[in-house]
Protein chains: 2
Amino acid sequence: MNTQTFRNWQRVQEEVLRRIHAREWLPGDLIPNEADLAIEFGCARSTVNRALRSLADSGLLDRRRKAGTRVAAEPVAKATLNIAVIRHEIEEHGARYGYMLIARSLVAPPLHISGAMQTQPMQEMLHVRALHLADETPYAFEERWVNPSVVPDALSEGFEKLSANEWLLKHAPYTHGDIAFSSVQAEPEVAEILDVPPHSALFAIDRLTWDNQASVTKVCLLFAPGYKLRTQI
Amino acid sequence: MNTQTFRNWQRVQEEVLRRIHAREWLPGDLIPNEADLAIEFGCARSTVNRALRSLADSGLLDRRRKAGTRVAAEPVAKATLNIAVIRHEIEEHGARYGYMLIARSLVAPPLHISGAMQTQPMQEMLHVRALHLADETPYAFEERWVNPSVVPDALSEGFEKLSANEWLLKHAPYTHGDIAFSSVQAEPEVAEILDVPPHSALFAIDRLTWDNQASVTKVCLLFAPGYKLRTQI
DNA sequence: AAGTGGTCTAGACCACGCG
DNA sequence: GCGTGGTCTAGACCACTTA
């Protein structure tokens, strides 16, 4: 029944992709329903369903009950970024990872931090500043706020050898988070830490994670010039 | 059989998520196999399979035949970015979209372009430079190379009113692409176009798309300071 | 060798949302 | 109303990988 011995739904998917790409089915076109395609491909409807659902997830198809399945008029490219631990990212490039703690304190945060994290303005938070290095060269500066009422164990962790970046991933589960990528000019202090000229263009990743309704941690990572975040679409 | 009338697999998924999050199942732990979970949840194995497969896709579970399913020791956060047409991005923010063509020519590209696009060095390519505006303010500078042997129709398109960004999405299908995000200093010429101080930190998106083995287009988008690319994890 | 997840099937019921 | 996709089931076979 299969022309290959396995992954029949991928065969279906590839054939559908081929038809879209060969412009047999044009953007906006209604394609045959699942039952008809199942007959055509000689497989069960659920196999067709899996193939089409997967393509709809990637944005190439628009599916609506009763209205049927259409080729997306303007496919939205979806790029999936893997946000790994910085140590792994560096080691994957074949470089030697280094870590330096710059500061660690328990203080009341600035208002824009307590505001974003929705904590009481006077509540003390754990503040950690650290540097990640690749082959002894500054790679990324990390500035982080940790909510101690959600992660009390963090108070007894010095972050001297193990980065907060890595410690939190193992000890502080989160349910969801917001992430933003941007470009910023290096302030003099950060420029010195990263050993780059003042006002260099740095790649910034801002991340705020939540454990249900409570904020876990807010981090800003500033990457030295030359950093690129890559992926495929 | 369902406690809600629909989406039973999501109930299973949420219960598994709850157990991971409540640390009933710790990172690295082996969880019960599909058949046992199906009995426990009173549903078919394929329902459990869908729930667990979906969690494995998001990086929270590691699944291997015979070895079973484990809670990921270090969940890799996967951020999905929707790379939309710039016009839509601006209009979604409630701003008025504007477009200005700066230059359009057919020339032999620099070597690093023909190299990346794997075209013959002397082969002429369509070169387009344009500006996207939000509420009359420069938003992003677009510099693009289009492979005319893959998209011949582009030669008869002036890109005076409709941006290449938008035109290509409708007229030039692609099978895959590479994308990179980085931070760059504005060169004087670009700074003037974007109306920002020289050496401003710009957010850059580099994209190279392919139609099977042939490169379709290579584009560099430079966003004015303040731009942020946001998503959820 | 044996247990696990990956896939497929044939059939079923139903939520949704066009018309 | 009714066609469509969304989901679920019970069962089956098999690829993979570890023990």
Side-chain angles (χ1 to χ4, degrees), chain A residues 1-17 19-20 25-73 75-76, chain B residues 1-17 19-20 25-73 75-76:
Chain A
M1 196 160 300
N2 305 1
T3 59
Q4 333 185 165
T5 46
F6 61 109
R7 283 188 285 204
N8 212 345
W9 69 270
Q10 291 195 341
R11 271 201 320 120
V12 175
Q13 193 183 55
E14 276 164 29
E15 173 59 16
V16 171
L17 274 174
R19 292 186 189 180
I20 293 173
W25 291 339
L26 293 172
D29 275 6
L30 196 60
I31 75 173
N33 68 30
E34 293 187 347
D36 289 346
L37 287 174
I39 293 168
E40 183 188 338
F41 291 127
C43 66
R45 181 167 77 94
S46 49
T47 302
V48 174
N49 180 278
R50 175 146 183 202
L52 297 190
R53 186 159 38 80
S54 159
L55 290 173
D57 286 344
S58 10
L60 265 84
L61 295 177
D62 279 336
R63 320 193 76 201
R64 287 197 329 268
R65 284 160 151 124
K66 166 72 182 175
T69 300
R70 288 176 184 278
V71 179
V76 175
Chain B
M1 197 158 299
N2 306 2
T3 59
Q4 331 185 169
T5 44
F6 61 109
R7 283 188 285 209
N8 213 345
W9 70 270
Q10 290 195 340
R11 272 200 320 118
V12 174
Q13 192 183 56
E14 277 164 29
E15 173 59 15
V16 171
L17 274 174
R19 291 183 190 182
I20 293 173
W25 291 340
L26 294 173
D29 276 6
L30 196 62
I31 76 173
N33 68 31
E34 293 187 346
D36 289 346
L37 287 174
I39 293 168
E40 183 190 336
F41 292 127
C43 66
R45 181 166 79 94
S46 49
T47 303
V48 174
N49 180 279
R50 173 145 184 204
L52 298 189
R53 184 161 38 80
S54 159
L55 289 174
D57 285 346
S58 16
L60 264 83
L61 295 177
D62 279 336
R63 320 193 76 200
R64 279 182 356 251
R65 282 161 154 128
K66 164 74 179 173
T69 299
R70 291 177 183 277
V71 179
V76 175

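Labels below follow one simple rule: chain letters A, B, ... track the order of the sequence lines, proteins then strands, and each chain is numbered from 1.
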inquiry  = Are there over 12 heavy-atom neighbours, none belonging to A:Arg64, within less than 6.0 Å of that residue's CZ?
reply    =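 No, CZ of A:Arg64 has 12 or fewer neighbouring heavy atoms, counting only those of other groups under 6.0 Å.
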Using whole Å, report how far [atom1] of [X] lies from [atom2] of [N].
{"X": "B:Trp9", "N": "C:dC13", "atom1": "CH2", "atom2": "P", "result": "23 Å"}
{"X": "B:Leu37", "N": "C:dG6", "atom1": "CG", "atom2": "P", "result": "13 Å"}
{"X": "A:Glu34", "N": "C:dT9", "atom1": "CD", "atom2": "P", "result": "13 Å"}
{"X": "A:Leu52", "N": "D:dG6", "atom1": "CG", "atom2": "P", "result": "9 Å"}
{"X": "A:Arg65", "N": "D:dG5", "atom1": "CZ", "atom2": "C1'", "result": "6 Å"}
{"X": "B:Arg70", "N": "C:dG3", "atom1": "CZ", "atom2": "C1'", "result": "14 Å"}
{"X": "B:Leu61", "N": "C:dT4", "atom1": "CG", "atom2": "P", "result": "16 Å"}
{"X": "A:Ile39", "N": "C:dA10", "atom1": "CD1", "atom2": "P", "result": "11 Å"}

message = At less than 3.5 Å, do the side-chain atoms of B:Arg53 and the base atoms of C:dT7 form a donor-acceptor pair?
response =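 Side chain to base: no pair below 3.5 Å.
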message = Regarding D:dG6, can its base be found pairing with the side chain of A:Arg45 as donor and acceptor, where the two atoms are less than 3.5 Å apart?
response =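 Indeed there is one.
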ask   = Reckon A:Thr69 has a side-chain N or O less than 4.0 Å from the OP1 or OP2 of D:dG5?
value =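 Yes.
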inquiry  = Below the 4.0 Å mark, does D:dG6 have OP1 or OP2 next to a side-chain nitrogen or oxygen of A:Asn49?
reply    =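 Yes, A:Asn49 has a side-chain N/O under 4.0 Å of OP1/OP2 on D:dG6.
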key: Note: A:Arg19-A:Glu15 ion pair, threshold 4.0 Å (strictly below)   =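 Salt bridge: yes.
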Using the side-chain heavy atoms of [X], tell me which of these nucleotides is nearest: [options].
{"X": "A:Arg63", "options": "D:dG5, D:dT18, C:dT9", "value": "D:dG5"}
{"X": "B:Ser46", "options": "D:dT9, C:dG5, C:dT7", "value": "D:dT9"}
{"X": "A:Ala44", "options": "C:dT9, D:dT18, D:dG5", "value": "C:dT9"}

request  = Could you tell me whether the side chain of B:Leu37 reaches within less than 4.5 Å of the side chain of B:Val12, counting heavy atoms only?
outcome  =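 The answer is no, as the side chains (C-beta and beyond) never meet within the 4.5 Å cut-off.
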Minimum side-chain heavy-atom gap A:Ile20-A:Ile31 below 4.5 Å =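 No, side chains not in contact.
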key: Steps toward side-chain contact (heavy atoms from CB on, under 4.5 Å) verdict (B:Val48, B:Val16)   = CA-CA 10 Å; B:Val48 174; B:Val16 171; over 6 Å; no
ask   = When the nearest nucleotide of DNA chain C is assigned to A:Gln10 and to B:Arg64 on a heavy-atom basis, which residue is associated with the more 5' position?
value =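 Result of the comparison: B:Arg64.
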